[in-house]
Every structure is written in structure tokens, then in C-alpha cells.
Novice: 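Take a look at the following structure, please.
Whatever order the structure lists ligands and atoms in, that order sets their numbers, starting from 1.
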Amino acid sequence: MKVLIIGSGGREHALLWALKKSPMLTELYITPGRPAMKNLGILVDINIHNSMDIIQFCKREDIELVIIGPEQPIINGLADDLAAEGINVFAPNQAAAKLEASKSFTKELCKQYGIPTAKYERFIDETLAKNFVKSNRMKFPLVVKANGIAAGKGVIICNTEDEAFSAIDTMLVEKKFGESGEEIIIEEFLVGEEVSFFALIDGLKVATFGYAKDYKRSDENNEGQNTGGMGSYSSPSIISKDMEQKIIQRIIHPTIQALANMGTPYRGILFAGLMICKDGPKLLEYNVRFGDPEAQSILIRLDSNCDLLKLILSVAEGNLDTKKIELSDKSAVCIVVASKGYPGDYKKGEVIKGLDKIEAMPDVLVFHAGTQLDASGNWISDGGRVLNIVAEGNTIEEAKSKAYSALNFLEWPGGFFRYDIGS
Ligand code: AMP
Ligand code: GLY
């Protein structure tokens with residue numbers, strides 16, 4: 001089977017690595033990809049925001065399945081365009097992708113179907129939003145969120161009225177998030193343990209794919225700015241079977257049923273950002289794709305008998321076999337190495353050494369999120385999040401210790417990473 005993957009980050013590198021093992025695979029393409037992915041797939045240069053270009057390529061090369069990594073092409077409707085041409089695609093349609101594209105869509109759906117989530121109000125008017133804050137109907141801290149996608153930056157936790165007013169101004173007055181912040185949500189602050197939960201969905205059937213913890217802030221102890229994710233770990237012990245059942249029954253199932261009722265069934269992987277609270281799991285947000293860097297620590301745990309390509313194809317074709325997913329009992333840790341300065345300004349083009357030594361270590365993998373090759377064949381930095389060091393172990397501690405030992409070989413003074421991933 002000929003497969004095309006769309007994307008160029010660490011998540012896509014991990015997907016290539018996992019799919020490459022499939023006996024069903026004949027040819028694997030990636031666009032735009034990165035030089036580090038060349039040993040796993042054929043790099044092709046297509047504008048991923050132009051459906052016609054992708055369709056033409058798929059037809060010319062007889063691509064039988066397209067897997068879309070990042071959210072933007074999904075939200076733009078690429079899955080709809082491919083499906084209209086009869087090309088199998090692993091990603092939801094544009095209407096179902098509103099689960100990620102519009103927080104107010106998701107919140108309303110939760111209200112209508114009784115899905116547990118933080119209490120909220122929606123606003124487009126600055127004065128009404130501020131009056132609501134002043135009314136004290138919602139206690140501090142409270143959370144101000146941009147309705148649309150904002151690269152993980154559209155969520156502001158406010159401890160005081162001043163902070164809430166400033167968050168409201170940022171979104172509704174200064175329009176810092178553009179269209180994404182034209183509507184805002186003010187919601188209750190939930191206390192609990194956060195988990196990223198992933199389910200495969202073929203329209204109606206649901207199967208847990210795995211879960212992970214993600215570290216969103218740039219610095220240790222969850223200080224510093226919000227980032228795309230500075231690391232993750234995945235382990236069978238994160239949640240109990242009983243909690244998993246509650247998540248599926250109270251959150252995932254009703255959501256999938258709601259979308260099916262709307263005539264826009266969900267097909268693909270659904271990523272639920274959850275808070276496990278004293279009174280059960282509550283939905284923080286949905287994403288309509290694999291998480292990055294969660295995918296990296298989950299995919300390394302896929303059992304060798306589990307053919308990821310077969311699984312993904314069954315979702316795309318609407319006949320998911322829910323018993324086919326098997327993760328090992330091991331734990332995995334993924335540490336993101338980023339350019340100093342990220343998520344603010346940072347330098348590019350710095351030489352990175354030592355990756356060969358890291359790759360030679362047992363149970364350790366390197367996925368590239370933002371590198372290029374220079375004319376002399378050196379790896380150079382080419383983004384904010386640059387490398388993912390992923391290690392597997394019998395326990396989280398063991399995986400963590402392997403990943404951090406591997407980082408001792410890294411020679412890149414311009415890079416930084418958090419020392420507490422997996423803690
Ligand atoms: P989101 O993009 O909605 O996942 O929000 C980003 C991060 O903000 C989440 O991963 C949480 O850590 C935090 N967050 C969002 N909403 C809430 C909430 N209602 N209560 C507590 N923390 C929240
Ligand atoms: N790690 C969070 C995300 O992929 O959005």
C-alpha cells in the first residue's frame with residue numbers, strides 16, 4: 001500500500017517510524033517532511049495548504065491512504081477534499097474538526113449532551129465580559145480562552161480581576177489572536193490531574209489508543225511560558241481501567257454520537273485534553289489529531305504484533321476492529337530539546353552534534369521536529385522545538401533515566417530542555 005503523510009514535526013517522524021514496520025506498506029511518502037525522515041520515507045514538496053496539489057500527487061502516484069498530522073489542514077477541510085476524490089484519509093472532516101477549531105462549538109455540544117466540562121460563559125463584547133467577571137459569579141482563578149486555535153497560547157489563567165480584564169482586552173480589544181479571539185470563553189478553573197487521552201474512532205466505534213501526560217510550560221515545575229509541549233510520558237499506570245471506562249462513557253461516546261447525529265461522523269484519532277477531578281473526568285478541550293509530543297511516547301509502546309497501518313486504514317474505511325490496539329506494559333518518556341529563547345525569539349542554523357551516539361543507545365530513539373542538514377552534512381537547528389529524545393523502560397523512572405543519560409551526548413549549547421519530564 002502506498003501512503004502519504006502530511007506534516008514535518010516530531011509527531012510525523014514518529015508516525016513514519018511506526019508505519020514503516022507494517023508488512024502492508026509498499027511506499028511511504030511525506031510532505032513536506034524533513035531530511036532526517038529520508039531513511040523512512042520519500043520526501044515530496046507539495047503545498048500542504050492546497051488540496052488540489054495534494055489530490056494531483058495522490059492520483060499521479062496512486063496513493064491509497066493519506067494521514068494528516070497537523071490540525072490546520074484538517075480544519076481547512078483537506079480530509080473532505082480527499083474523500084470527495086475517493087482517496088482514503090485518516091483525519092476527520094471539516095465539520096467534525098470544529099471540535100478543535102471552535103471551543104464554543106465544543107462547549108455547547110457538552111452542554112447539550114451532558115458531557116462533563118468546566119462551567120462557562122461565551123462573550124463577543126468586552127464590556128459584557130468584564131461585567132461578568134465583576135459580578136463574581138465565577139470565583140478566581142478563572143480561565144479566559146480564545147474560541148479558535150491559537151498555537152496553545154489562547155488560554156490565560158487569571159488570578160485577579162486585573163488579570164482577567166487584561167486577558168479580555170488582549171483578545172477582544174487588541175485582537176492579538178485575530179479571528180480566533182473574536183469570541184472568548186470564560187470558564188471555571190478545574191483542579192485535578194491532567195491527562196491527554198487518545199481514541200480511534202471510525203464514525204461510531206471507539207477504541208482507546210493510549211494516554212499520556214504532556215508538559216506544556218517551558219520551564220521546570222510548570223513555570224515559564226506555554227509552549228507546544230516540552231515533553232511527555234506514557235505509561236499503563238496513568239489512569240485505571242475504571243477511569244478509562246468513565247472517560248469513554250461520559251465524554252467520548254456522547255461526543256461521537258452527537259457528531260453522528262449532526263450528519264458529520266468523526267473518523268480519525270480524537271485527542272481529549274482531560275482533567276481528572278475529584279468527581280470524575282472533565283473535558284478541557286478536544287484536538288482532532290495526534291498530540292505532539294504525546295504521540296512520540298505512545299507510538300514507541302505499540303506492540304510489535306499491532307500493525308499501525310492496518311489499524312489506521314480500518315479507521316479510514318469505517319471498520320475499526322476495537323480489539324486490535326495493543327500497547328506494551330512498558331513506559332516511555334519523550335524529552336523535547338528546543339532552541340534557547342523558545343517559545344519567544346530564537347536563533348536558527350546552529351550545528352548539533354552527538355545524535356549518532358544517542359541513536360546507538362538501546363531503547364532510545366531520536367525524532368526530529370526542527371532540523372535541517374547544512375552543506376557539510378551537519379544537523380542544524382531549524383525551529384523552536386528541534387529534537388525529541390524518546391526512551392522506553394520497564395518503569396517511568398527507567399525510561400526517564402535512559403532519556404536523560406542519552407542527552408549527556410548531545411552537543412548543542414544553543415538548545416535547552418526541561419529536567420523534570422517524567423517526574
Ligand atoms: P487548552 O488549550 O484548553 O488545553 O488549555 C491549555 C492548558 O490550560 C491546559 O492544558 C490546562 O493546563 C490549562 N487549562 C485550560 N482550561 C482549564 C481549566 N478550565 N481549568 C484548569 N486549567 C485549565
Ligand atoms: N501536546 C499538545 C498538542 O499537541 O496540542
Novice: Using side chain to side chain contact (heavy atoms under 4.5 Å, CB included) as the criterion, point out the one residue from Lys145, Met171, Arg122 that pairs with Ile184.
Specialist: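 By the side chain to side chain contact (heavy atoms under 4.5 Å, CB included) criterion, Ile184 pairs with just one of Lys145, Met171, Arg122: Met171.
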Novice: With backbone taken as N, CA, C and O and side chain as the heavy atoms from C-beta onward, which portion of Glu188 lies under 4.0 Å from ligand 1: side chain, backbone, both, or neither?
Specialist: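 Backbone only; the side chain of Glu188 stays clear of ligand 1.
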Novice: Could you tell me which atoms of ligand 1, counted from 1 in the order shown, lie closer than 4.0 angstrom to a heavy atom of Met275?
Specialist: 21 (C), 22 (N)
Novice: Can you spot which of Ile251, Ile239, Leu284 makes a side chain to side chain contact (heavy atoms under 4.5 Å, CB included) with Leu274?
Specialist: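 For Leu274, the side chain to side chain contact (heavy atoms under 4.5 Å, CB included) test succeeds with only one of Ile251, Ile239, Leu284, which is Ile251.
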Novice: Under 4.0 Å, heavy-atom basis, I'd like to know which part of Lys216 is in contact with ligand 2: side chain, backbone, both or neither.
Specialist: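 No part of Lys216 is near ligand 2 at this cut-off.
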Novice: With heavy-atom distances below 4.0 Å as the criterion, list the atoms of ligand 1 near Lys216.
Specialist: 10 (O)
Novice: Taking both backbone and side-chain atoms of Ile157, is any N or O found less than 3.5 Å from an N or O belonging to ligand 1?
Specialist: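 Between Ile157 and ligand 1, no N or O pair is found under 3.5 Å apart.
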Novice: Would Gly291 count as a contact of ligand 2 if the rule is a heavy atom under 4.0 Å away?
Specialist: yes
Novice: Atoms of ligand 1 less than 4.0 Å from Val155 heavy atoms?
Specialist: 1 (P), 2 (O), 3 (O), 5 (O), 6 (C), 8 (O), 15 (C)
Novice: Taking CG in Leu128 as the centre, count heavy atoms belonging to other residues, nucleotides or ligands within less than 6.0 Å. Is the count above 12?
Specialist: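 Enclosed.
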Novice: Take atom CD in Glu179; do more than 12 heavy atoms of anything else shown fall under 6.0 Å from it?
Specialist: no
Novice: Just jot down the ligand 1 atoms closer than 4.0 angstrom to any heavy atom of Lys103, in number order.
Specialist: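 Those atoms are 3 (O).
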Novice: Could you check atom 20 (N) of ligand 1 against the protein and tell me its nearest heavy-atom contact, residue, atom and distance included?
Specialist: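 Going atom by atom, the protein heavy atom closest to atom 20 (N) of ligand 1 ends up being Leu190 N, 2.8 Å.
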Novice: Between Arg289 and ligand 2, find which residue part has any heavy-atom pair under 4.0 Å and reply side chain, backbone, both or neither.
Specialist: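 The side chain, only.
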Novice: What residue and atom, counting heavy atoms only, is the protein's closest point to atom 17 (C) of ligand 1, and at what distance?
Specialist: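 Answer, as residue, atom name and distance: Leu284 CD2, 3.4 Å.
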Novice: Strictly below 4.0 Å, N to O, side chains only: are Arg301 and Glu392 in salt-bridge contact?
Specialist: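 Between Glu392 and Arg301 there is no salt bridge, as every charged N stays at least 4.0 Å from the carboxylate O atoms.
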Novice: Quick test: of every protein heavy atom, which one is nearest to atom 1 (N) of ligand 2, and how far off is it to 0.1 Å?
Specialist: Glu294 OE1, 2.8 Å
Novice: Are the side chains of Val386 and Val337 in touch, meaning some heavy atoms are under 4.5 Å apart?
Specialist: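 Heavy-atom side-chain distance check fails, nothing below 4.5 Å.
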Novice: For residues Ser232 and Asp214, is any side-chain donor paired with an opposing acceptor at under 3.5 Å?
Specialist: no
Novice: Do any heavy atoms of Gly228 fall under 4.0 Å from ligand 2?
Specialist: yes
Novice: Output yes when Glu193 and Lys213 qualify as a salt bridge under the 4.0 Å nitrogen-oxygen rule, no when they do not.
Specialist: yes
Novice: Mind checking whether Tyr215 and Tyr233 have parallel, tilted or perpendicular rings, split at 30° and 60°?
Specialist: tilted
Novice: List the closest protein heavy-atom neighbour of atom 3 (O) of ligand 1: residue, atom name, distance to the nearest 0.1 Å.
Specialist: Lys145 NZ, 3.1 Å
Novice: Testing the 3.5 Å rule here: is there a donor-acceptor pair between the side chains of Ser304 and Lys21?
Specialist: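 Per modelled atom types, Ser304 and Lys21 side chains form no pair under 3.5 Å.
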Novice: Which residue owns the protein heavy atom closest to atom 2 (O) of ligand 1, what's the atom, and how far is it?
Specialist: Glu285 OE1, 3.1 Å
Novice: Report the residue from Ile68, Val89, Asn93 that forms a side chain to side chain contact (heavy atoms under 4.5 Å, CB included) with Leu78.
Specialist: Ile68
Novice: If we count only N and O atoms by modelled type, under 3.5 Å, do the side chains of Ser104 and Asn147 hold a donor and an acceptor together?
Specialist: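 Side-chain D/A pair, Ser104 to Asn147: present.
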Novice: To the nearest 0.1 Å, how far is atom 2 (C) of ligand 2 from its closest protein heavy atom, and which atom is that?
Specialist: Asp214 OD2, 3.6 Å
Novice: Students should be able to answer this: which protein heavy-atom is nearest to atom 10 (O) of ligand 1, and at what distance?
Specialist: Glu194 OE2, 2.3 Å
Novice: Does an N or O from Arg11, backbone or side chain, lie closer than 3.5 Å to an N or O of ligand 2?
Specialist: no
Novice: Is there at least one pair of N or O atoms, one from Asp292 and one from ligand 2, spaced under 3.5 Å apart?
Specialist: yes
Novice: Tell me which protein heavy atom sits closest to atom 19 (N) of ligand 1, plus the residue, atom name and distance to 0.1 Å.
Specialist: Glu187 OE2, 2.7 Å
